[in-house]
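Quantities reported herein were computed from a predicted structural model and do not represent experimental measurements.
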Amino acid sequence: MVNYYMFFFIFLSCILVLVSGFSRSLPILAFDEGYSHLFGDNNLMILKDGKSVHISLDKRTGAGFVSQDLYFHGFFSASIKLPADYTAGVVVAFYMSNGDMFEKNHDEIDFEFLGNIRGKDWRIQTNIYGNGSTNVGREERYGLWFDPSEDFHQYSILWTENLIIFYVDNVPIREIKRTKAMGGDFPSKPMSLIATIWDGSNWATNGGKYKVNYKYAPYIAEFSDFVLHGCAVDPIELSSKCDNTTPKTPLIPTGITLDQRRKMESFRKKQMQYSHCYDKTRYKVPPPECVIDHKEAERLQAFDPVTFGGSHHHHGKRHRRSRSKLKDDDDVSFM
């Protein structure tokens, strides 16, 4: 760990600058260069080019893969094409976690894609956990301005010491800034990148109303354009593999440009369907990282007066995989 912080500062400076150009400036890895099979037997298939992989869900099992390295901060990305047609109950996840190493105090940064019945769109959910804080769900849920089953789209995570940003096709959709009041709830330990497809029938579509129907199986999620640009960590000693070869940069951007912020605000105005910050059935006082936007609060209250209006007709569940029951949103364009 000698000189770790100096090396990481230089590394982080480079990361933040490159994010403005996103993965176009970063190397694309072949699957075997960055990832390994996690579970699912033959339900994971590497294509002939070695740069793309399919994972599938059928009656036997789902499937998943995991990064060969642990990472302590960085920029991580993949292009994903989701299954089409009836996908209720299907969950595709692209996320960071260290749950295998820290069972009782793990960290997590999640993209989760939630399937739907025929004629209804996929929804995307983001979430974070720090230090095992699974009793405080920090979910946000959104529609998308495109059909994610028709073509590949890029999904990216920027994770720094004090900031997490989720991106869809290089548009930031959520920004989480570390606050002193969060304490250990901000992810702060090395994590792996993981992708999975699995059966979430008990919660994923309308609170579990609609289940996976295996007559439509196999459900296939396609991944390509892998970017793993982070500070790799030794899994045993948990020491950094960063070095001082990263070139210095004269400027360190704050993370989101004015144009990107405009796009993020537009996305959230048109596509956000749920945010834990405004869920009055779960939290009488919003969690400490929440920055309350009264216009967002009004839009969500109009969307779901019970959840966001403070009525006590029902109570949201707090368990890791028991998500708030949300209404389906109408299609709405973005950009």
Side-chain angles (χ1 to χ4, degrees), residues 8-26 71-79 94-96 108-111 124-128 130 138-146 153-182 185-188 191 193 225 227-231 246 249-278 286-297 299-300 333-335:
F8 178 69
F9 178 80
I10 296 170
F11 169 81
L12 179 58
S13 299
C14 185
I15 280 285
L16 286 172
V17 169
L18 286 171
V19 163
S20 63
F22 294 93
S23 61
R24 291 189 298 270
S25 303
L26 301 172
Y71 295 93
F72 189 53
H73 306 144
F75 183 77
F76 311 98
S77 183
S79 293
F94 178 61
Y95 66 108
M96 305 189 73
E108 207 166 299
I109 303 174
D110 298 342
F111 268 118
I124 184 172
Q125 181 163 283
T126 60
N127 202 358
I128 70 163
R138 291 182 162 88
E139 302 96 336
E140 286 193 352
R141 191 175 294 186
Y142 329 86
L144 290 167
W145 66 97
F146 53 82
H153 292 271
Q154 186 182 34
Y155 304 91
S156 310
I157 296 169
L158 172 68
W159 172 40
T160 75
E161 184 179 7
N162 295 304
L163 181 68
I164 294 169
I165 303 175
F166 295 89
Y167 300 87
V168 176
D169 284 343
N170 299 339
V171 174
I173 65 169
R174 184 179 184 185
E175 177 186 39
I176 302 170
K177 294 181 178 179
R178 186 176 195 164
T179 66
K180 186 176 181 180
M182 289 181 73
D185 287 1
F186 191 90
S188 58
M191 292 188 280
L193 268 291
D225 297 335
V227 173
L228 291 169
H229 196 80
C231 186
T246 305
T249 55
L251 297 174
I252 305 175
T254 56
I256 295 181
T257 66
L258 288 176
D259 183 60
Q260 289 170 341
R261 191 164 297 281
R262 178 189 62 78
K263 291 179 179 179
M264 181 171 71
E265 290 172 354
S266 176
F267 171 85
R268 294 175 68 83
K269 178 180 179 180
K270 296 177 181 180
Q271 302 289 357
M272 189 164 70
Q273 301 173 7
Y274 176 86
S275 171
H276 72 292
C277 289
Y278 305 103
E289 77 280 1
C290 291
V291 177
I292 300 302
D293 181 320
H294 294 293
K295 290 184 179 180
E296 276 189 352
R299 286 194 295 269
L300 288 172
S333 64
F334 166 66
M335 303 296 284

Q: Go through the steps to decide whether Leu300 and Met272 satisfy the test side-chain contact (heavy atoms from CB on, under 4.5 Å), and finish with yes or no.
A: CA-CA 8 Å; Leu300 288 172; Met272 189 164 70; 3.9 Å; yes
Q.
I'd like to know whether the aromatic ring centres of Trp159 and Phe76 sit less than 6.0 Å apart in this structure.
A.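 For Trp159 and Phe76, the ring centres are not under 6.0 Å apart.
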Q: Flag yes if more than 12 heavy atoms outside Leu258 fall under 6.0 Å of its CG atom; otherwise flag no.
A: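 Atom CG in Leu258 is not crowded, with 12 or fewer foreign heavy atoms closer than 6.0 Å.
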Inter-residue atom distance [X].[atom1] - [Y].[atom2], 0.5 Å rounding:
{"X": "Phe267", "Y": "Tyr167", "atom1": "CZ", "atom2": "OH", "value": "14.0 Å"}
{"X": "Met182", "Y": "Ile128", "atom1": "CE", "atom2": "CD1", "value": "4.0 Å"}
{"X": "Arg261", "Y": "Asp259", "atom1": "CZ", "atom2": "CG", "value": "11.5 Å"}
{"X": "Ser77", "Y": "Phe94", "atom1": "OG", "atom2": "CZ", "value": "6.0 Å"}
{"X": "Ile109", "Y": "Leu158", "atom1": "CD1", "atom2": "CG", "value": "9.0 Å"}
{"X": "Phe166", "Y": "Ile176", "atom1": "CZ", "atom2": "CD1", "value": "5.0 Å"}

Partners passing side-chain hydrogen bond (donor to acceptor under 3.5 Å, both in side chains) against [X] (at least two apart in sequence or in another chain):
{"X": "Asp169", "value": "His153"}
{"X": "Ser275", "value": "Glu140"}
{"X": "Asn162", "value": "none"}
{"X": "Arg299", "value": "none"}

Q. Is the shortest heavy-atom distance from the side chain of Asn127 to the side chain of Tyr95 under 4.5 Å?
A.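 Asn127 vs Tyr95: side chains apart.
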(Q) Can you confirm whether Asp225 sits close enough to Gln154 that some side-chain heavy atom of one is under 4.5 Å from a side-chain heavy atom of the other? (A)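 Not touching, per the 4.5 Å side-chain cut-off.
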Q) Under the side chain to side chain contact (heavy atoms under 4.5 Å, CB included) test, which residues partner Pro287, sequence neighbours left out? A)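 For Pro287 the side chain to side chain contact (heavy atoms under 4.5 Å, CB included) partners, ignoring immediate neighbours, are Val136, Arg138, His276, Tyr283, Glu289, Cys290.
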Considering all heavy atoms, the nearest [X]-[Y] contact:
{"X": "Ile157", "Y": "Phe111", "value": "CG1-CE1, 3.8 Å"}
{"X": "Thr160", "Y": "Phe186", "value": "O-CE2, 3.7 Å"}
{"X": "Pro172", "Y": "Ile165", "value": "CB-CG2, 3.8 Å"}
{"X": "Pro286", "Y": "Ile292", "value": "CG-CD1, 4.0 Å"}

Q: Could you tell me how the ring of Phe146 sits relative to the ring of Tyr155: parallel (under 30°), tilted (30 to 60°) or perpendicular (over 60°)?
A: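 Tilted: the ring planes of Phe146 and Tyr155 meet at 30° to 60°.
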Q: Return the set of residues passing ring pair (Phe, Tyr, Trp, His ring centres under 6.0 Å) with Tyr278 (not counting sequence neighbours), or none when no residue passes.
A: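 Listed in chain order: nothing, the list is empty.
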Q.
side-chain contact (heavy atoms from CB on, under 4.5 Å) for Ser188 and Arg178? Distances and angles first, verdict last.
A. CA-CA 10 Å; Ser188 58; Arg178 186 176 195 164; 4.2 Å; yes
Q) Is it true that the side chains of Tyr142 and Thr126 contain a donor and an acceptor less than 3.5 Å apart? A)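 Short answer, yes.
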Q.
My understanding is that only one of Glu139, Gln273, Arg141 makes a side-chain hydrogen bond (donor to acceptor under 3.5 Å, both in side chains) with Gln125; could you say which?
A.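 That would be Arg141; it is the only one of Glu139, Gln273, Arg141 passing the side-chain hydrogen bond (donor to acceptor under 3.5 Å, both in side chains) with Gln125.
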